[in-house]
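Input: a single structure, listed below in structure tokens.
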There are 2 protein chains.
Amino acid sequence: MKIKDIAKLAGVSIATVSRVVNDKPGVRDEVREKVKEVIKEHEYKPNLIARGLSSKKSNIIGLLLPKFTAYYTEQVDAIINYCNQKGYRVMITSSVGRFEGELKNLNMLYKSQVEGILYFVGKMTEEKKENIEKINKEIPVVLLDQAIEELSIPAVLPDNYGGAVKAMNYLVNSGHKKIAFIKAPYYDLEGEKRYRAYQDIMKRNNFEIKEGYVQGSDYSIESGYKAMENILSKSDQMPTAVLASNDGTAIGAINYLREEGIEVPEDISVMGIDDIEIAKHFIPKLTTVKQDLYYVGDEAIKLLFDYIDNKDLKAKKLIVEQELVIRDSVRNLNDKL
Amino acid sequence: MKIKDIAKLAGVSIATVSRVVNDKPGVRDEVREKVKEVIKEHEYKPNLIARGLSSKKSNIIGLLLPKFTAYYTEQVDAIINYCNQKGYRVMITSSVGRFEGELKNLNMLYKSQVEGILYFVGKMTEEKKENIEKINKEIPVVLLDQAIEELSIPAVLPDNYGGAVKAMNYLVNSGHKKIAFIKAPYYDLEGEKRYRAYQDIMKRNNFEIKEGYVQGSDYSIESGYKAMENILSKSDQMPTAVLASNDGTAIGAINYLREEGIEVPEDISVMGIDDIEIAKHFIPKLTTVKQDLYYVGDEAIKLLFDYIDNKDLKAKKLIVEQELVIRDSVRNLNDKL
DNA sequence: GTGAAAGCGCTAACAT
DNA sequence: ATGTTAGCGCTTTCAC
């Protein structure tokens, strides 16, 4: 069934059918009803590809992810919901970490005539920056996870600096002075902000960052376990608390401590960042800083549509606040045990 | 840049450009090189929408999910990877649980001329069955999560019955006789199979399913907590082990037990199903049955392509085996403590 | 081996 | 208010 068939069946021209399909004015109610009837009876469904070609508007939003992991589900969920509800379709792409794949996928979206791209940056590189800048000249792009400081491209980011500050202040207010830190991978610019927050708060309080207190991770639970091991083995003074860059590494750290017979939070306090689902069910329930990822996704897609509607919009960088979630993994040293 | 511009620039016809773009024969090497050069220089990228209309082949696969949750990430990851690598794009859709939304999304995929649909069924209803049957007459559909017994539609399913049997046998071999069960939600047909396995194994061993031993859940951690509470309060004889329908409810159950001061696995053993990421990091490390979801997704997309290539293929229902993962949450009653 | 031309199924400008 | 028609950017016969 195509528009031509419906036109013939309804005894009108294809232009008229097109008008009623698209709810456009200029058709007598009587005729409109008749056409609608025929459409319904024959279950006519317009070919969106043809429509796209003709109208030069695809009604498709492109999504570009590095590897597809649980971290993205809420954001992607928000994006899909918003688009589907608005009558937009979303084309999703993931690059399994390899950069060539990412470039290929970016081009695929471009060739698909998507109206805008939501780009989850993941690991930022110079090459990537160039490509993003280039594509953004043709198609509106909104960045997630990481912004490009020097470029005027809209982005929505969690307030990682502010969130880490909140975490650190909570630790400090709970009486902790010897605080260790599990770092994000080096390429995560946003992770660097958390590290800066850690350093700033330590400095502001005149707490010394002892040797061995800062250990790296790749955000995995396993790397958190390893980092905790390093903190203990490489510090001559045991910390009373450790702030992990995400909940996963916090969980890994706790696991290591337990295996060593060190109680959390009695002996050492551990704090995470993210508030992933398991955080509130882990034992001890994880004290962390919440990042509302559904909200982040929602804001990002809205920003993208703003940007599509008004390409000249000043590129806006939206910072989403994080909020402290106090649970059981941090001990208040001011209290008696 | 469109094909016409390239043709002019290269001094050939658009047909020739089309041939080289699509790596088709019938072009002198010399000319082919020349055209490629021009394409490269001007970064010409073919408009896939136009190609789709002209060739009547969209190169798009549709994905239909109920709500988008962490459970789907691995499967979706596998699907996207496979498609992207094959030069296919994937259009993703999620229905936030509401059925009207699902029907709308199904039509959206249809109108988008997708070449095949991967349908994560979630909750099965009569209405849904009809719609699936109908759409499958036009577009190849492969079902995930749940099959429709009476319809000849390909599906790939985890072997939920077999998996639960493995879990139960492990419990039995570990000396457990008083085994409780946390059920899946009623609408999950696959969950029912796990329940049947539980009943069958209990019966085969002449173990009594005591009152209160079977409690419902909605798969959430919270509902597992609640189910465990019910098991304890409604049974006059405490079980020595409980099999949960998924890892989430197993974790909820363990949390409840710990709060009650009941040790796992010393006092009560708890076993899950799924092997979600946190399972191996939870304390105690969760004994469970592994369902390789990446594999499931991979098989599903392969099956879909088979189906697309050969629509008359006898609809195949692929059952993916599950495997026992022994960790620390089940006690062997045959051992001394 | 190469090009001209006829669509693909729509939308949108232009007539009427 | 309705119809005619010219594209949209490609692929694909069919001639040459």
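Note that this is a predicted model, so its numbers are computed, not measured. Heavy-atom basis, side chains included; hydrogens, waters and symmetry copies ignored.
Side-chain N/O atoms of B:T16 include one lying less than 4.0 angstrom from OP1 or OP2 on C:dG3. Neither OP1 nor OP2 of C:dC8 sits under 4.0 Å from any side-chain N or O of A:N47. Between B:R51 and D:dT11 there is a side-chain polar atom (N or O) within less than 4.0 angstrom of OP1 or OP2. Neither OP1 nor OP2 of C:dA12 sits under 4.0 Å from any side-chain N or O of A:K56. A close approach under 4.0 Å does occur between a side-chain nitrogen or oxygen of A:S13 and OP1 or OP2 of D:dG3. For C:dT2, neither phosphate oxygen OP1 nor OP2 lies less than 4.0 angstrom from any side-chain nitrogen or oxygen of B:R19. The phosphate of C:dG9 (OP1 or OP2) has no side-chain N or O of A:Y44 nearer than 4.0 angstrom.
With D:dC10, C:dC10, C:dT2 as the candidates, the nucleotide lying closest to the side chain of B:V27 is C:dT2.
Enclosure of atom NZ in A:K57 by more than 12 non-hydrogen atoms of other residues, nucleotides or ligands within 6.0 angstrom is indicated. Residue A:E115 qualifies as enclosed at atom CD: its count of foreign heavy atoms under 6.0 Å is above 12.
For A:K302 and A:D306, the salt-bridge test fails: no basic side-chain N is under 4.0 Å from an acidic carboxylate O.
Taking every heavy atom of both residues into account, B:E74 and B:Y294 meet most closely at O-CD1, 3.6 Å.
Taking 3.5 Å as the limit, the base of C:dG1 and the side chain of B:R32 contain no donor-acceptor pair of atoms between them.
Rounded to 10 degrees, the angle separating the terminal helix axes of the helix from C:dG1-D:dC16 to C:dT16-D:dA1, each built from five base pairs, is 40°.
Using the six-membered ring where Trp is involved, B:Y72 and B:F120 have ring planes that are perpendicular, over 60° apart on the 30 and 60° scheme.
Projected onto DNA chain C by closest heavy-atom contact, B:P25 and B:S54 fall at different nucleotides, the more 5' of which corresponds to B:P25.
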Verdict with reasoning, A:Y88 to A:F305, per ring pair (Phe, Tyr, Trp, His ring centres under 6.0 Å):
CA-CA 11 Å; A:Y88 270 71; A:F305 277 115; 4.8 Å; yes
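Between A:K134 and B:E43, some side-chain heavy-atom pair lies under the 4.5 Å cut-off.
The residue A:K57 sits apart from the nucleic acid: no heavy atom pair falls under 4.0 Å. The residue B:I49 sits apart from the nucleic acid: no heavy atom pair falls under 4.0 Å.
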